[in-house]
Amino acid sequence: MSTMGENMRVLVIGAGGKIGQRIVSQLKANPRHTPVAQVRHMEQVESFLQQGIETRQVDLEDTVSALAKAMEGIDAIVFTAGSGGRTGYDKTLLIDLDGAIKSMEAAEQVNIKRYVMVSALRSNNREKWHTIQPYFAAKYYADKALMNSRLDYTILRPGTLTDDAGTGKVSIEFVEGGQTHITRDDVASFAVATLTAEHTIGKAIDLVQGDVPINQVLAHLL
């Protein structure tokens with residue numbers, strides 16, 4: 001297994017999603033990392049393979065053992081999977097909550113330590129769950145499980161996601177009534193940068209658009 005300063009083979013769970021695709025692309029462009037895409041559907045496998053990216057087809061509704069097998073040879077995990085807005089809350093429960101927790105259990109089984117979770121802004125504050133409450137509940141309890149695991153975790157809680165071009169600048173100082181949006185590009189950039197930022201281990205970080213470059217934000221993160 002690689003250390004955080006060497007080439008890391010990073011499994012992106014949910015690589016077929018909008019953030020996942022961006023994370024895989026950025027990892028591929030980074031000489032310190034090698035992406036491995038984990039996806040659910042065969043057409044997604046073929047798409048990544050055409051890009052020269054190693055891909056593993058796994059369903060988060062499968063067993064912990066199946067998930068663990070897909071983690072062979074992996075150094076770190078970024079979890080950015082979600083059931084999506086077109087499914088019912090039953091899938092939110094099975095993917096965003098149980099699938100996430102099963103991936104944590106699998107990582108522990110195969111002794112992977114580094115785990116970055118893409119969660120959601122306000123998921124840690126029940127009083128702010130004004131809409132899609134089951135989604136926020138799933139994120140809340142998945143994050144709690146990660147905090148109670150043996151993993152070297154970082155939790156990212158991005159705000160409302162946009163497809164605008166990334167600015168490379170963010171804020172981790174979220175205040176109610178202030179900025180709530182962030183580009184998917186910048187979430188991906190922050191997640192990739194976080195992988196090797198050891199001082200982010202054990203932290204949950206709110207993430208919205210801001211005026212400070214990502215590397216400076218990470219450098220000053222206490």
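Hydrogens, waters and symmetry mates are skipped; everything else that's a heavy atom, side chains included, is used.
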- prompt: With hydrophobic residues grouped by side-chain heavy-atom distances under 4.5 Å, do F174 and V187 end up in a single group?
  reply: no
- request: For residues K91 and E61, determine if any side-chain heavy atom of one lies less than 4.5 Å from a side-chain heavy atom of the other.
  value: yes
task: Using only heavy-atom distances, determine whether the side chains of T167 and Q209 contain a donor-acceptor pair under 3.5 Å.
output: yes
task: Starting from the C-alpha separation in whole Å, work towards a yes-or-no answer on side-chain contact (heavy atoms from CB on, under 4.5 Å) for Y89 and I132.
output: CA-CA 9 Å; Y89 288 139; I132 53 174; 3.8 Å; yes
- prompt: Hey, are D186 and S189 close enough side-chain-wise for a donor-acceptor pair under 3.5 Å?
  reply: no
field: Worked verdict on S171 versus V212 for side-chain contact (heavy atoms from CB on, under 4.5 Å)
entry: CA-CA 7 Å; S171 172; V212 182; over 6 Å; no
- prompt: Does any non-hydrogen side-chain atom of I13 lie less than 4.5 Å from one of T80?
  reply: no
message: If you count heavy atoms of other groups shown closer than 6.0 angstrom to CG of D211, is the number above 12?
response: no
- prompt: Taking side chain as C-beta onward, heavy atoms only, is I19 less than 4.5 Å from I23?
  reply: yes
task: Might you point out which heavy atoms bring Y141 and R126 nearest each other, and give the distance in Å?
output: OH-NH2, 2.9 Å
message: Let's go through K69 and D62 carefully: what are the C-alpha distance in whole Å and the side-chain angles of both, what is the deciding distance for salt bridge (Lys or Arg N to Asp or Glu O under 4.0 Å) to 0.1 Å, and is it a yes or a no?
response: CA-CA 11 Å; K69 182 171 174 45; D62 210 335; over 6 Å; no
message: As an exercise, state the distance from CG of L195 to CG of L27, rounded to the nearest 0.5 Å.
response: 6.5 Å
Residue pair D96 / A81: nearest heavy atoms and the distance that separates them: OD2-O, 4.3 Å
field: Exercise: identify the closest heavy-atom pair between A15 and V39
entry: CB-CG1, 4.0 Å
message: Looking at K113, I'd like to know if its NZ atom is crowded, meaning that more than 12 non-hydrogen atoms belonging to other residues, nucleotides or ligands lie closer than 6.0 Å.
response: yes
- prompt: Given side chains that start at C-beta, do those of L151 and E108 come closer than 4.5 Å, heavy atoms only?
  reply: yes
query: Out of curiosity, does V116 fall in the hydrophobic cluster containing V208 (side-chain heavy atoms, cut-off under 4.5 Å, transitive links)?
result: no
task: Establish whether V175 and I172 are linked, either directly or via other cluster members, by ILVMFWY side-chain heavy-atom contacts under 4.5 Å.
output: no
task: Indicate yes or no: at least one non-hydrogen side-chain atom of V64 is less than 4.5 angstrom from one of Q109.
output: yes
Donor-acceptor contact present, side-chain R40 to main-chain D59, <3.5 Å: no
task: Mind checking the CG-CZ spacing from N148 to R150? Nearest 0.5 Å is all I need.
output: 12.0 Å
query: Knowing that exactly one of M71, Q38, R114, M117 qualifies, which makes a side chain to side chain contact (heavy atoms under 4.5 Å, CB included) with I77?
result: M71
query: Any luck finding a side-chain donor-acceptor pair between T183 and D164 under 3.5 Å?
result: no
statement: For P158 and I182, the nearest pair of non-hydrogen atoms, with its separation, is CB-CG2, 4.0 Å
message: Could you report the tightest heavy-atom contact between D185 and Q26, atom names first, then the distance?
response: O-NE2, 3.4 Å
message: Under 4.5 Å between side-chain heavy atoms, counting indirect links through other Ile/Leu/Val/Met/Phe/Trp/Tyr residues: same cluster for I205 and L121 or not?
response: no
query: Is there a donor-acceptor pair closer than 3.5 Å between any side-chain N or O of K102 and the backbone N or O of T63?
result: no
- prompt: Taking all non-hydrogen atoms of both residues, which atom of Q21 and which atom of F48 are closest, and how far apart?
  reply: CG-CZ, 4.3 Å
task: Output yes when a side-chain donor or acceptor of Q51 lies under 3.5 Å from a complementary backbone atom of S47, and no otherwise.
output: yes
message: Once rounded to the nearest 0.5 Å, what's the spacing between atom CD1 of I101 and atom CD of E105?
response: 7.0 Å
task: Give the ring-plane orientation class for F136 versus W129, where under 30° counts as parallel, over 60° as perpendicular and anything between as tilted.
output: parallel
- prompt: Okay, side chain of T162, backbone of T160: is any donor-acceptor separation there less than 3.5 Å?
  reply: no
statement: CD (E127) and CD (E176) are apart, to the nearest 0.5 Å, by 10.0 Å
message: Just by distance, no angles: are the side chains of T34 and N7 close enough, under 3.5 Å, to form a donor-acceptor pair?
response: yes
message: Distance check, rounded to the nearest 0.5 Å: T194 atom OG1 versus H199 atom NE2?
response: 8.5 Å
query: Does the side chain of T200 come within less than 4.5 Å of L221's, by heavy atoms?
result: yes
query: Would a 4.5 Å heavy-atom cut-off, applied to side chains only, mark V217 and F190 as touching?
result: yes
query: Do E72 and V110 pass the side-chain contact (heavy atoms from CB on, under 4.5 Å) test, and can you show the C-alpha distance, the side-chain angles, and the key distance before you say yes or no?
result: CA-CA 7 Å; E72 291 177 358; V110 296; 5.7 Å; no
- request: Determine, step by step, whether K18 and L161 satisfy the side-chain contact (heavy atoms from CB on, under 4.5 Å) criterion, reporting the C-alpha distance in whole Å, the side-chain angles of both residues, the deciding distance to 0.1 Å, and the verdict.
  value: CA-CA 10 Å; K18 289 186 176 182; L161 301 167; over 6 Å; no
- prompt: Can you check whether V36 reaches V12 side chain to side chain, under 4.5 Å on heavy atoms?
  reply: no
- prompt: If you round to the nearest 0.5 Å, how far is OH of Y115 from CD1 of I201?
  reply: 15.0 Å
query: Is there a path of hydrophobic side-chain contacts, each under 4.5 Å between heavy atoms of I, L, V, M, F, W or Y residues, that connects L218 with V118?
result: yes
field: Donor-acceptor contact present, side-chain K169 to main-chain I214, <3.5 Å
entry: no
message: Between the side chains of D75 and R9, is the shortest nitrogen-to-carboxylate-oxygen separation below 4.0 Å, so that they form an ion pair?
response: no
message: Can you see whether R122 engages T180 through a side-chain donor-acceptor pair at a distance of less than 3.5 angstrom?
response: no
